[in-house]
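Comments concern the structure below.
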Amino acid sequence: MLLPLLALLFGLLPAPAQAASLTEVTGFGSNPGGLRMFRYVPDGLPGGRPLVVALHGCTQSAAAYDDETGWTRWADAWGFALVLPQQRSANNAGSCFNWFQRTDVSRGQGEALSVRQMVDRMAADHGTDRSRVYVTGLSAGGAMTAAMAASYPDVFAGAAVVAGVPFDCARTLAAAFGCMSPGSDLGARQWGDRVRAAYPSYPGPYPVMAVWHGTADGTVAPVNMTELVEQWTDVHRTDAVADDEDTVAGHPHKVYRDSGGRAVVESYSLTGMGHGQPVDPGSGESQCGTTGPYVLDANICGSYWIGRTWGLGTPDGGGTLPAPSAPAVTSVGDSSVSLTWGAVEGAASYRVLRDGAVAGTSPSTSFTDSGLSPGTTYAYTVSAVDGSGAAGAPSAPVQATTTGTPNACHTDNTYNHVAAGRAHQVQGTVYANGSGQNMGLYNVHVSRTLQETSPGYFVIADSGCPS
């Protein structure tokens, strides 16, 4: 997206930590997308802090997207880590993330899985708060941001697309041209269904979504902002009529809330801005960035406002409500755990975390977590969420162990594996969900055994599966 058309396709607060440097990390997993991993971790950053994944646009690099956009400034000031995936020219001549290739945006495959593996590496190395992992990106990186939010809603709590397109807008190189401009006009339910199809067995909450777009963008038509809003309001089961409207630094800003009053989608229409990431150079409290190719002075620092939306400057999500009582386990099954806890005055809803990641939200003081693995122990905490969507302090943890045999195995033909949500097919070939392993043809005559080693993560186990 960053080159004119063709280039896209070829493509309270902790004390501020000290400035560090951008470093490359190798050996972060199988890396099926062949990406490079760079990270920025402020010196002395404690464990349990948030993580932001920032995806550059075409012709850019990790080094051209960290400090220039202001993300390193907020990492130092607010205390969080950054991961900056970098595309290789061998994968795309314009160094664009391949947002229009199904094999690169599907769960358990290609570039999307490579980015997920970078998140896992950061959690292993730095004790990332799994409930506060976010993703953002510009242009082709923005389109890949939408793909990460759709394919890995269990990984990301929030996403911000800058000058991007809706998820699954194009599936071929040729279709990508029209997706960018003049854009694709689908109904909200059609767009939402494409997100839900990315992880059909997923029972949990989806990331909150922010959409940023210049009104004078000649590379990616501004109508894509409208289509993104339609897609993600439908995903959150609300409408595309704004509940709140105001201006920020002179730019129109809209907020869309779900039935519980939580802000789930917002948009920033950047008046007169072309194709790029908005910055506001200077040393003021909300200023950031350095102008350059596709990093544009719009008198507003996008990374600052995105970070504020995510509550990055706060230790627990920005809320002030007290912690609920430790949840009590009311029932367990092979694939579910039911919990209850005491009410907190002023709570609009409650956020339930499973092993540090968001398992779901509840408007009441009870919750059933489903889609779990049999015979597996999970740890839960609960936070009260206020009317603005900010989560307060977490409760004391409680553990629960599901019944049944751990790491359940399933033997069936590849067609039925897909139908059951254990695998997916691309152009007639079936791949295991999670691991992305090739299972062979999409056919009732091909039988394989899959072992679920963690929720939604399946590996081929034709021999050696527990009895």
*How many angstroms lie between atom OH of Y256 and atom CH2 of W232, to the nearest 0.5 angstrom?*
15.5 Å
_Return the OH to CD1 distance between Y268 and I306, rounded to the nearest 0.5 Å._
8.5 Å
*Go through D258 and T238 one step at a time and tell me if the side chain to side chain donor-acceptor pair (under 3.5 Å) criterion holds.*
CA-CA 5 Å; D258 64 13; T238 187; over 6 Å; no
*Can you name the side chain to side chain donor-acceptor pair (under 3.5 Å) partners of Y134, sequence neighbours left out?*
none
_Is the shortest side-chain heavy-atom distance between R49 and R132 below 4.5 Å?_
yes
*Distance only, no hydrogens: is a donor on one side chain within 3.5 Å (strictly under) of an acceptor on the other, for Y304 and D280?*
no
_Taking the side chain as everything from C-beta on, heavy atoms only, tell me whether P85 gets closer than 4.5 Å to M118._
yes
_Derivation of the side-chain contact (heavy atoms from CB on, under 4.5 Å) call for L228 and M225_ = CA-CA 5 Å; L228 272 160; M225 183 176 75; 5.7 Å; no
_Given 3.5 Å as the limit, does a donor-acceptor pair link the side chain of T233 with the main chain of E230, or not?_
yes
*Take Q60 and L138 through the side-chain contact (heavy atoms from CB on, under 4.5 Å) test and state the conclusion after the steps.*
CA-CA 10 Å; Q60 290 182 320; L138 166 66; 3.8 Å; yes
*Say whether E227 and S184, considering side chains only, have a donor N or O and an acceptor N or O under 3.5 Å apart.*
no
*Is there a donor-acceptor pair closer than 3.5 Å between any side-chain N or O of H417 and the backbone N or O of M439?*
no
_Does the plane of the ring in W310 sit parallel, tilted or perpendicular to the ring in W71? Use 30° and 60° as the thresholds._
parallel
*When rounded to the nearest 0.5 angstrom, what distance separates CZ in R196 from CZ in F167?*
12.0 Å
*Would you say M209 and V235 make side-chain contact, with heavy atoms under 4.5 Å?*
no
*With the side chain counted from C-beta on, respond yes when Y350 and F367 share a heavy-atom pair under 4.5 Å apart, and no when they do not.*
no
*Indicate yes or no: at least one non-hydrogen side-chain atom of H56 is less than 4.5 angstrom from one of F97.*
yes
*asked:* In the structure I gave you, are the side-chain heavy atoms of N91 and L35 within less than 4.5 Å of one another anywhere?
replied: yes
_G434 backbone acceptor or donor facing Y431 side chain under 3.5 Å_ = no
*Flag, side chain of R39 to backbone of V83, donor-acceptor distance under 3.5 Å*: no
_Carboxylate-amine/guanidinium contact R422 E452, below 4.0 Å_ = no
*Working to the nearest 0.5 Å, report the span between CZ of R73 and CH2 of W78.*
9.0 Å
*Do D120 and R130 meet the salt-bridge criterion of a basic N to acidic O distance under 4.0 Å?*
yes
*Looking at CG of D76 and CG of D43, how far apart are the two atoms once the value is rounded to the nearest 0.5 Å?*
8.5 Å
_Pair D234 + R194: basic N to acidic O under 4.0 Å_ = no
*Quick one: are I460 and S435 in side-chain contact, heavy atoms under 4.5 Å?*
no
*Find out whether D244 and R257 are in side-chain contact, i.e. whether some heavy atom of one side chain is under 4.5 Å from a heavy atom of the other.*
yes
*Start with the C-alpha gap between L312 and W74, add the side-chain angles, then the distance that decides, and say whether side-chain contact (heavy atoms from CB on, under 4.5 Å) holds.*
CA-CA 9 Å; L312 288 177; W74 311 124; over 6 Å; no
*Run the numbers on V279 and L296 for side-chain contact (heavy atoms from CB on, under 4.5 Å), then give the verdict.*
CA-CA 6 Å; V279 295; L296 309 178; 5.9 Å; no
*Which value, rounded to the nearest 0.5 Å, describes the distance between S95 atom OG and Q87 atom CD?*
6.5 Å
*Can you run down the disulfide bond (SG atoms under 2.5 Å apart) pairs that involve residues 171-236, sequence neighbours left out, and say none if there aren't any?*
C169-C179
